[in-house]
There are 2 protein chains.
Amino acid sequence: MWKGDQAMKKMTIKDVAEALGLSPGTVSKVVNNSGRVGDKTRKRVKEYVKKHGYVASANARILKSRLSFTIGVIFSDISHVGLEHPFFASILQSFKTAVEERGYEIVFIVSRVGENELTYYQWCRNKKVDGVLIVMGNINNPNIQEVVQSEIPCVSTDIVMDNLQSVISDDKEGVRLALDHAENLGCEHITHITGPTSSRGFAERAAAFSREMEERGLPLPDEAVEIAEGFGFTSGYNATLKHLKKVARPPELILAGSDELAFGIVRALESKRLRVPEDIMVMGYDDIKFAKHFTPSLSTIRQNKEKIGRLAAERLLSAIEERRPKRKEITKVPVELVKRQSTGRG
Amino acid sequence: MWKGDQAMKKMTIKDVAEALGLSPGTVSKVVNNSGRVGDKTRKRVKEYVKKHGYVASANARILKSRLSFTIGVIFSDISHVGLEHPFFASILQSFKTAVEERGYEIVFIVSRVGENELTYYQWCRNKKVDGVLIVMGNINNPNIQEVVQSEIPCVSTDIVMDNLQSVISDDKEGVRLALDHAENLGCEHITHITGPTSSRGFAERAAAFSREMEERGLPLPDEAVEIAEGFGFTSGYNATLKHLKKVARPPELILAGSDELAFGIVRALESKRLRVPEDIMVMGYDDIKFAKHFTPSLSTIRQNKEKIGRLAAERLLSAIEERRPKRKEITKVPVELVKRQSTGRG
DNA sequence: GGTCTTTGGGAAAACGTTTTCTCTTTTTCC
DNA sequence: GGAAAAAGAGAAAACGTTTTCCCAAAGACC
């Protein structure tokens with residue numbers, strides 16, 4: 001027989017109070033370190049609680065006190081790749097461990113509960129989440145706008161909006177580092193292949209690329225920026241073939257908007273008998289775990305995913321605990337150039 | 001000024017009742033499709049609720065009705081790689097979408113809340129989760145044992161225990177397919193390099209490997225099974241070097257316990273001037289997304305991660321909704337051989 | 001028309017906390 | 001020693017639901 005048959009009854013605050021000859025209120029005060037309680041009583045309660053492993057019902061507590069110690073996570077809906085996307089998964093992981101260290105937990109925001117649809121904001125109110133992390137979202141999504149403009153503290157590691165704190169990589173710097181590297185390698189004809197510009201990161205890098213190229217006086221024909229229709233391997237592959245058809249002569253270096261795109265780019269080039277890096281060099285962006293195991297190992301701009309997640313957690317928790325009014329604020333996290341074979345001298 | 005200043009007051013069931021000249025009880029009955037309510041009233045309530053987007057406070061509901069529509073997820077603690085592990089992330093993702101389709105949501109079980117430590121079981125009771133998914137866990141962890149032996153419905157996609165439903169790959173079949181493939185390629189001297197056998201999957205594959213090798217009458221010296229000290233690239237790399245030192249002559253094929261190990265194995269071999277697949281073949285296990293982009297692309301045994309997650313969800317939700325007594329039950333999900341370059345003819 | 005059911009809906013007691021008062025008792029201070 | 005202040009603890013009212021009774025009205029039946 002399974003042990004559940006003898007499942008102990010859940011211990012409530014009343015049980016504790018009774019066992020100690022106190023009132024529930026007093027016990028509550030001890031547990032929450034609030035209110036005034038005598039030293040002796042305090043100690044007695046603390047000991048009992050520790051010994052018997054009492055812990056307050058989360059739901060009752062939240063219901064009464066409107067503090068849930070819960071962070072809602074918006075992982076967008078765009079297809080259900082979510083957790084399988086290494087870059088976002090990394091950020092979420094470090095955010096998660098950071099908030100957990102401070103006693104919070106994360107929960108995914110969904111827009112359906114039972115039968116009826118719910119906006120993100122309604123859901124958050126409903127659940128009384130203390131804050132929201134947007135790890136992947138679209139600026140134009142009204143659901144996201146609503147929650148960002150609401151009274152609920154938010155932070156994003158992806159988008160930038162009014163009233164929203166963002167913790168993101170310094171994309172301008174990233175592109176600059178990439179182009180410095182390219183110039184050092186003697187490359188002048190450079191193409192940027194990136195993902196849909198509906199994603200802020202891609203858009204920003206594309207813009208920075210054009211600006212930088214111009215400033216450096218490097219050639220910037222229209223075809224120098226190619227937008228792939230997605231962000232995976234296949235998108236990079238197809239975009240590359242398309243690009244090669246457009247241009248008279250392949251560029252000397254291709255800067256990808258992400259590592260996954262770069263993988264596709266490299267394979268597409270190879271399929272056209274162009275060797276990387278001998279005939280053409282390729283740089284990625286992100287430095288996901290696999291970039292260094294790829295062949296050729298991928299030169300890339302490393303985004304500090306761990307730090308982004310951790311910083312986002314700090315910002316959000318401060319905002320929650322200090323009840324600051326919301327305002328737009330952007331924290332840029334430095335990026336780093338990682339040189340590997342894909343831009344190595346042949 | 002941000003919209004939060006005018007944040008609408010949350011609508012409660014009382015507001016709805018009042019607006020319609022009804023009692024909260026009646027509204028509740030309509031919302032939950034329970035109890036007896038006249039057709040006209042029912043319709044009136046439904047319309048109002050839909051129009052004004054009322055939705056019951058999750059916490060109040062859970063507190064009263066002991067049904068949370070929430071699944072706790074145990075992602076173990078072993079380092080904090082969790083979400084960054086492609087195999088487990090995939091399973092979790094498909095589990096997540098499957099339960100969300102049925103109106104449940106997932107939440108990560110942590111063993112600390114505020115200041116005090118909590119066992120998984122306590123945490124579950126505290127949160128009133130309806131069920132638990134163990135996506136990565138250790139049989140010997142008392143915390144896990146406790147929750148598995150409790151009255152809370154559980155399902156695992158990793159471990160196998162008494163009173164526990166498991167949805168796992170057919171590892172015996174996987175190893176058989178791998179060895180069939182090896183034999184077809186004319187390999188006899190085969191080594192298995194796998195991860196720590198504290199993980200069920202690794203242990204099972206190692207066992208299956210030895211058994212199968214014996215049954216086939218293939219050579220099975222002690223060194224034929226090498227246990228790496230971890231499950232990442234580096235572990236595979238080091239284990240391979242260690243293995244090569246032990247043996248007089250390298251094996252003809254190495255079967256890895258996971259793709260990530262296989263990546264390390266291949267690179268280690270290459271560092272010793274052994275070409276894959278010409279000099280020695282390598283097979284992975286899992287077929288994570290990157291296996292096909294690796295060079296050489298990795299032959300592997302594909303675990304159907306999507307199906308495992310989905311099936312686990314189905315099993316768990318049925319168990320919850322049908323209130324079946326718990327018992328050990330293993331659902332094996334078929335695996336599939338994927339032939340790629342790492343075992344291709346040179 | 002008088003009983004017997006059915007039907008629709010409300011009252012109120014939980015669920016397990018937190019928190020604001022209030023009330024004693026004790027301490028402090030001159 | 002007495003008044004004022006402080007300290008310690010309890011009572012009770014929320015928080016927003018669900019659910020069990022219970023009661024009145026209406027239908028059904030002979």
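Reminder, nothing fancy here: chain letters follow the sequence lines and each chain counts from 1. Below, each value reflects all heavy atoms present in this structure, side chains not excepted, and no hydrogens, waters or symmetry copies.
Here the side chain of Thr26(A) is nearest to one of dG8(C), dG10(D), dG16(C), namely dG10(D). Set against dT17(C), dT17(D), dG16(C), the side chain of Leu63(B) has dG16(C) as its closest nucleotide. Considering only the side chain of Ala60(B), dT17(D) comes nearest among dG16(C), dG10(D), dT17(D).
The nearest whole Å value for the distance from the CD1 atom in Ile62(A) to the P atom in dT17(D) is 15 Å. In this structure, NZ of Lys29(A) is placed 16 Å from P of dT17(C), rounded to the nearest angstrom. One atom, CZ of Arg61(B), and another, P of dG16(C), lie 16 Å apart when rounded to the nearest Å. Note: CD1 (Ile13(B)) to P (dA11(C)) measures 14 Å, nearest angstrom. We find that CG of Leu67(A) is positioned 16 Å from P of dT17(C), with the value rounded to whole Å. As a whole-Å value, the separation of Arg36(B) CZ from dT19(D) P is 16 Å. For the pair Lys127(A) NZ and dG16(D) C1', the interatomic distance rounds to 15 Å; values are reported in whole Å.
Note on Ser28(B): a base of the nucleic acid sits closer than 4.0 angstrom, heavy atoms only. Using a 4.0 Å heavy-atom cutoff across all strands shown, Leu22(B) reaches sugar-phosphate atoms only and no base atom. Counting any heavy atom pair closer than 4.0 Å across all strands shown, Asn32(A) reaches sugar-phosphate atoms only and no base atom. As judged by a 4.0 angstrom heavy-atom cut-off over every strand, Gly38(A) is placed among residues touching the sugar-phosphate backbone only.
Close to dA11(C), at under 4.0 Å from its OP1 or OP2, lies no side-chain N or O of Ser23(B). Of the side-chain N and O atoms in Tyr54(A), none sit less than 4.0 angstrom from OP1 or OP2 of dG16(C). OP1 or OP2 of dA9(D) lies within a sub-4.0 Å distance of a side-chain N or O belonging to Thr41(A).
In terms of position on DNA chain C, the residue among Ser34(A) and Asp39(B) whose nearest nucleotide sits closer to the 5' end is Asp39(B). When each of Ser65(B) and Gly21(B) is assigned the nucleotide of DNA chain C with its nearest heavy atom, Gly21(B) is the one assigned upstream, toward the 5' end.
At a cut-off of 3.5 angstrom, counting only N and O atoms as typed in the model, there is no donor on one side facing an acceptor on the other between the side-chain of Lys64(B) and the base of dG16(C). With hydrogens and angles left out, the side chain of Lys128(A) and the base of dG16(D) share no donor-acceptor pair within 3.5 Å.
Ring pair Phe75(B)/Phe88(B) is perpendicular by interplanar angle, where above 60° counts as perpendicular and below 30° as parallel.
Side-chain contact between Val135(B) and Phe95(B) is absent, with no heavy atoms from C-beta onward closer than 4.5 Å. Side-chain contact between His52(B) and Val16(B) is absent, with no heavy atoms from C-beta onward closer than 4.5 Å.
Under the 4.0 Å criterion applied to side-chain N and carboxylate O atoms, Glu151(A) and Arg125(A) are assigned as salt-bridge partners. Ion pairing between a basic and an acidic side chain is recognised when a charged N comes within 4.0 Å of a carboxylate O; Arg102(A) and Glu321(A) show such pairing.
Atoms OH and OG, on Tyr120(B) and Ser150(B) in that order, are 14.0 Å from each other to the nearest 0.5 Å.
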